[in-house]
Amino acid sequence: MSADYKVHGDVAVISLNNPPVNGLGLSTRQAITEGVEKAAQDASIKAIVITGHGKAFSGGADIREFGSPKATQEPNLLSVIAQIENCAKPVVAAVHTVAMGGGLELALGCHYRIAAPGASIALPEVKIGLIPGAGGTQRLPRVLGVEPALNMIVSGEPIKSEMLAMLPGQKLFDKMAASPESLMDEALKLAREVADVRPLPRVRDLPCKHPQGDAYFQFTRNMVKGMAKNYPAPPKCVDAVQAATKKKFDDGMVLERELFINLMWTPECRALRHLFTSQRAASKIADVPDTTPTRAIKQVAVIGAGTMGGGISMNFLNAGIPVKILETKQEALDRGIATIKKNYEAQVKKGKLKEDKYAQRMALLTSTLSYDDIKDADLVIEAVFEEMGVKETVFKQLDAVMKPGAILASNTSTLDVNAIANFTKRPEDVIGMHFFSPANVMKLLEVVRGAQTAKDVLATVMALAKTIKKTAVVSGVCDGFIGNRMIEQYGRQGGFLLEEGCTPQQVDKAIEKFGFAMGPFRMGDLAGNDIGWAIRKRRYVEKPNMKYSKTADLLCEMGRFGQKVGKGWYDYQAGKRDAIPNKEVEDMVVKHRAAMGITARKISDEEIVQRLVFSLVNEAAHILEDGIASKASDIDMVYITGYGFPIYRGGPMLYADQVGLFNVVQAMHRFAANPHDDAEFWKPAPLLAKLAAEGKTFN
Ligand code: NAI
């Protein structure tokens, strides 16, 4: 049973018991209805209290049931709530810790609600592309007032119970308990006080009005549409809440249901639900169970105070973990620390960080030129120059000084983590932690598992990623790991498109319209075109037979390295990020095209988008086959959190699934027939070809 039934004198207490958050799965719903029925039949019971065991009242729908027939099987949540609302004896919800989504809707179906302070209250459905579907849009406005309720529904953000209790005229909570500890006693007391009150109060019977009516809803609808381009759910939240003010309760419920079901089948909702489950799945590693012990990380050392070292350090300072940065020269240390200070000061100026917090964080930061000072760190992250010789020196030093059990991590973006591990006599303690720039901002952390990395080291780093609020995805060892290995193919396509007739802004605009935060050329300018140049120079030696576009090399020969020098594919003005098209660059592309004997052709936005996105997909299929990524959804997480892939499309793999893998493969055959493209690359990866032939999907 996923709920217990206990009798306290004349009050029955039903406690949801479905860890971790008392999700309202089928067995929990059954247990609630059985409990309510039993209490209703028992003449010695005068009232019922519903609460939750452990760490939640209820977190809402059970995500393990998502998409399965169980999710809607009777008693579904609507029936459970109707049974409670129509129960002849008063039902009191005793809310604590978390009441979200269906959990809050369940509480709203009860006749009375008492809450402990500190409980997080939300209707977060909008975050997975939905609206609340069990009466939330009809009942919340009746107890909170239209505006506060709509704000909660459109944002999906949690609000603390005590804040809601302070809203004038609110009827969400009949009472606030003095503390979480006293909640149960106070709930029993309330149940006895109301045991004989009739008629029983029902939220559905409360009036729901807004003084400015239509004008308010029109204003809100315009605002929401502007903010939520490409997302269908937020405007539907407005429609549903407006219905609460205009229609009879039952008619409003019908509309809510209709809107909910229609949203469920939109690609955006599928994408957002996919991300929700992918995020959770990313932290699960098949051969590293949740019970794997972890090592305590109380002190961190960072080697190198450059671009990455500084940003990496800030993550730990923000989480309250002391950091010591090591450099070879005092000037480099001073520069690095000054940059960290500047970043924090900018946050203070914008009001995003309080002065005292800033001081606390800086107090956790120390620096040194001596390895002896870092030997007691539990984790050391190396972020020195991307040269194997330098990495070798550093890791040999670390091996010599670090205490036993310390985790030795490298932030390398391209080098072989196994080779780095073998510079030490403790390769089991070595792991890759590949942060993305700016490291204090970007969510993604690729955790690179070496051939010998110990399971507890991997488990520790995955847990630590949560502490520093990163989305960690495990990658095997290969050049570029998951993300950069794929982006190299995408960049190559960008080059071919220029040779065939596009301008950089045409390519960027097409893919930005598709939803990418930035096209390949603006991204190159941001990351530094010299980085790609260095990688290509290596490729020319390693893979001399691969087809390359020379446009990016010609750009670098012009010294146009990107934003850092004020010019790249575009021009930049100091202090501004606007990309201004440059005639010299366009002339260079035209001249190069002529030299190759190519006559420019008009290329459609559709072709641009398909070539760029499917190049990611084909390389990703190879990555899956090679076991570098363990699941397709991990690749989607990498692209959403690290590369600006549009969230509402769910990542490259889900997008390919939605287009249909058969269609993706057909497109690849067309691209392979283009003499100016790379036919070898466009051979569909065997895994992709197989799935397409079998009518299957990646996810
Ligand atoms: P950077 O050049 O800005 O900083 C490197 C720092 O390391 C410099 O301050 C230098 O003085 C210091 N250093 C060099 N040798 C050292 C030694 N033996 N001991 C201590 N300090 C030493 O480089 P950046 O961009 O921070 O890159 C560092 C690492 O992070 C590289 O492995 C790079 O591939 C990787 N990375 C870089 C990304 C980026 O976007 N810049 C993204 C992800 C990873």
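Just so you know, residue 1 is the first one in the sequence shown, and it goes up from there. Note that ligands are numbered from 1 as they come in the structure, with each ligand's atoms numbered from 1 the same way. Please read these numbers as outputs of a predicted model, since none were measured by experiment.
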I need the atoms of ligand 1 closer than 4.0 Å to a non-hydrogen atom of [X], numbered in the order shown.
X      : result
Asn411 : 29 (C), 30 (O), 35 (C), 36 (N), 44 (C)
Gly304 : 7 (O), 12 (C), 21 (N)
Thr412 : 32 (O)
Val390 : 15 (N), 18 (N)
Val394 : 18 (N)
Ile303 : 19 (N), 20 (C)
Ser413 : 33 (C), 34 (O), 35 (C), 36 (N), 44 (C)

Donor-acceptor under 3.5 Å ([X] side chain, [Y] main chain):
X      : Y      : value
Tyr655 : Gly650 : no
Glu512 : Gly519 : yes
Asp399 : Lys425 : yes
Asp508 : Phe521 : yes
Asp525 : Trp569 : yes

Kindly assign one of parallel, tilted or perpendicular to the pair [X] and [Y], based on the angle between their ring planes and the thresholds 30° and 60°.
X      : Y      : answer
Trp533 : Phe561 : tilted
Phe614 : Phe671 : tilted
Tyr358 : Tyr344 : tilted

TODO: Answer with yes or no after comparing the ring centroid distance for Phe436 and Tyr643 against a 6.0 Å cut-off, counting only values under it.
DONE: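 They qualify: ring centres under 6.0 Å apart.
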Task: Protein non-hydrogen atom found under 4.0 Å from atom 21 (N) of ligand 1 - done: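 Answer yes: something from the protein, a heavy atom, is under 4.0 Å.
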If you have a sec, work out which protein heavy atom is nearest [atom] and how many Å separate them, to one decimal?
atom                    : result
atom 40 (O) of ligand 1 : Ser437 CB, 3.3 Å
atom 29 (C) of ligand 1 : Val384 O, 3.3 Å
atom 19 (N) of ligand 1 : Thr328 CG2, 3.5 Å
atom 10 (C) of ligand 1 : Glu327 OE2, 3.4 Å
atom 5 (C) of ligand 1  : Ala383 O, 3.6 Å
atom 37 (C) of ligand 1 : Met308 CG, 3.3 Å
atom 4 (O) of ligand 1  : Gly306 CA, 3.2 Å
atom 32 (O) of ligand 1 : Glu386 OE1, 2.5 Å

Task: Whether Lys391 lies under 4.0 Å from ligand 1, heavy atom - done: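 Yes, that is the case, since the closest heavy atom of the residue is under 4.0 Å from the ligand.
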Open item on the list: Check contact between Phe435 and ligand 1, using heavy atoms of the residue and a distance below 4.0 angstrom.
Closed with: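 Within the 4.0 Å threshold, so yes.
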Task: Residues that Phe496 engages under ring pair (Phe, Tyr, Trp, His ring centres under 6.0 Å), provided they are two or more places apart - done: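 By the ring pair (Phe, Tyr, Trp, His ring centres under 6.0 Å) rule, Phe496 matches no residue at all.
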Task: Met486 to Glu619 - nearest heavy-atom pair and separation - done: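 Closest heavy-atom pair between Met486 and Glu619: CA-CG, 4.0 Å.
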- [ ] Examine the proximity of ligand 1 to Thr393 and report which part, side chain or backbone, both or neither, has a heavy atom under 4.0 Å away.
- [x]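 It is neither; nothing of Thr393 touches ligand 1.
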TODO: Determine whether the side chains of Thr551 and Ser549 contain a donor N or O and an acceptor N or O closer than 3.5 Å.
DONE: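 Yes, side-chain donor-acceptor contact under 3.5 Å.
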Task: Identity of the nearest option to atom 1 (P) of ligand 1, non-hydrogen atoms only, from Val302, Thr307, Leu415 - done: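 Answer by nearest heavy atom: Thr307.
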TODO: Evaluate the side chain to side chain contact (heavy atoms under 4.5 Å, CB included) criterion for residues Glu386 and Lys391: first the C-alpha distance (whole Å), next the side-chain angles of each, then the deciding distance (0.1 Å), finally the verdict.
DONE: CA-CA 8 Å; Glu386 187 75 340; Lys391 307 277 187 202; 3.5 Å; yes
Task: Distance-only N or O hit between ligand 1 and His434, under 3.5 Å - done: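 N/O-N/O distance below 3.5 Å does not exist for this pair.
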